[in-house]
Amino acid sequence: MAQLKPAAMPLAVSLYCLSALLPWSAAATYGGGKPLVTAITKDAATKLYTAPLKDSRPLVLDLSGPLIWSTCPPKHPSFECHHHVCAHAHSYHPPDCPRTGHGVADEDDPFRCKCTAHPYNPFARKASSGDLTRVTVTANDTDGKNPLRPVSFPAVAACAPHSLLAKLPAGAVGVAGLARSRVALPAQVSRAQKVANKFALCLPSGGQGVAIFGGGPLFLLPPGRPDVMTTLAGTTPLRRNPALPGYFMSARGIAVNQGQVQPGPLVVGLSSRVPYTELRADVYGPFVKAFDRATAERKRVTPPPAPFELCYDSRELGSTRLGYAVPQVDLMLEGGANWTVFGGNSMVQVDDNTACFGFVRMAREEKGAPAVVIGGFQMENNLLVFDEEKRQLGFSSLLFGRQTTCSNFNFTLAA
């Protein structure tokens, strides 16, 4: 591929770049059309989720991110401005980032236009410019029960300065965008592995969670349990936002304790960028008041620690196998399914004796903001299946009810 031109560099890097020059279908160590599996770790300090995807080093998983970006060595290959992936990398522009065109002159060849992309760190709210290049993505192919063997392939990514790593988990070298973009990780795995353009995300509350790119099945311990992907609690259509590449749904309303408190239709987004579900002010008010009324007899803890509004003495809440015995919250989704949030996903343990209602007022209500943005805590220990081909989201409900968790995938390599 003439458009991807490496400068002079050491032999090891040159050999990698030679593989990056090949067509997408020939440049990888393919797993024979099998899905890829990777472990997910939750960072306690930032509450972000990472996976060891770049040469086995961690990238932050970003459901709203349209591309992969990371730091790069000084010498690396780059795409030319007119390459089709350059246009895809510019499909979504970061907020507050000047539009400066698609490329710059190559310092090694002034007659060559080098494609630049605009990596964005949503946690530091900073953007940058960098070459569009290839990095090595590493994972394992899988039969859904175990990892089978290591797989690597070159993926399109943007280079970023080290300063753009601010506020990422320690050791993270960039971000893996998972959004609905042709240069996001799921679409690139689909093309490289020749598998379905879908992925399953099972975020952990502790230990290691699991992500599978390219379809199922997915089996969680203990042995003998059915494929979780075939026993989902429900599905709902995925909707697009023309200005944003993330995942959105439509809700018919919100219920607390099975009583509707907010009518629809409501736009609901999913985000791994925020730790707790955020609600727009006009939705948050009646919602939190309904939960307050439904828990009026529970002993409160005041003042509540930020960012929460309702906190309780957890010693008096009672418990079930689905978490604390508190009123359930239902997102009444398009298509008729309900995403039910039980105590295990609604109550945040902030200290030994205090649990807080883990829904917060939206901090920044930007124009066109969804009514609800489901955050990481509410997604933990729920299997979510993002199916771009069917344009639908599948969800398992809280896995505690099946006596398993997202940390129960067997990462032992199959014999």
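Excluded from the calculations below are hydrogen atoms, water molecules and symmetry mates; all remaining heavy atoms, backbone and side chain alike, are included. The first residue of the sequence shown is numbered 1, and numbering continues consecutively from there.
Phe79 and Thr133 make their closest contact through CE1-O, 3.4 Å (heavy atoms, listed as atom of the first residue, atom of the second, distance).
Between Arg182 atom CZ and Glu388 atom CD the span is 11.0 Å, to the nearest 0.5 Å. Note that SG of Cys202 and OH of Tyr49 are 11.5 Å apart. Values are rounded to the nearest 0.5 Å.
With no hydrogens or angles considered, no side-chain donor-acceptor pair links Asn338 and Thr340 at under 3.5 Å. A donor-acceptor pair shorter than 3.5 Å cannot be found between the side chains of Ser78 and Lys114. Residues Ser396 and Arg402 have side chains that never bring a donor and an acceptor to within less than 3.5 angstrom of each other.
Comment: Asp62 engages Arg273 in a salt bridge, judged by a side-chain N to carboxylate O separation of less than 4.0 angstrom. Ion pairing of Arg315 with Asp313 is present here, as a side-chain N (NZ or NE/NH1/NH2) and a carboxylate O approach within less than 4.0 Å. For the pair Lys34 and Asp141, the salt-bridge criterion is not met [side-chain N within less than 4.0 Å of a carboxylate O].
Ring pair Phe199/Phe213 is parallel by interplanar angle, where below 30° counts as parallel and above 60° as perpendicular. Ring geometry for Phe287 versus Phe359: interplanar angle over 60°, hence perpendicular rather than tilted (30 to 60°).
Of the possible donor and acceptor atoms, one in the side chain of Ser407 sits under 3.5 Å from a partner among the backbone N and O of Gly206.
Around atom CZ of Arg225, more than 12 heavy atoms belonging to other residues, nucleotides or ligands sit under 6.0 Å away. Within a 6.0 Å radius of CD in Gln260, other residues, nucleotides and ligands contribute more than 12 heavy atoms.
With 2.5 angstrom as the limit on SG-SG distance, Cys115 and Cys86 come in below it.
Under the ring pair (Phe, Tyr, Trp, His ring centres under 6.0 Å) rule, Phe357 has a single partner from Phe291, Tyr312, Phe377, Tyr324, which is Phe291.
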Worked verdict on Ile374 versus Met249 for side-chain contact (heavy atoms from CB on, under 4.5 Å): CA-CA 11 Å; Ile374 299 175; Met249 309 172 289; 3.9 Å; yes
Derivation and outcome, salt bridge (Lys or Arg N to Asp or Glu O under 4.0 Å), residues Asp282 and Arg280: CA-CA 6 Å; Asp282 60 306; Arg280 211 171 52 213; 2.8 Å; yes
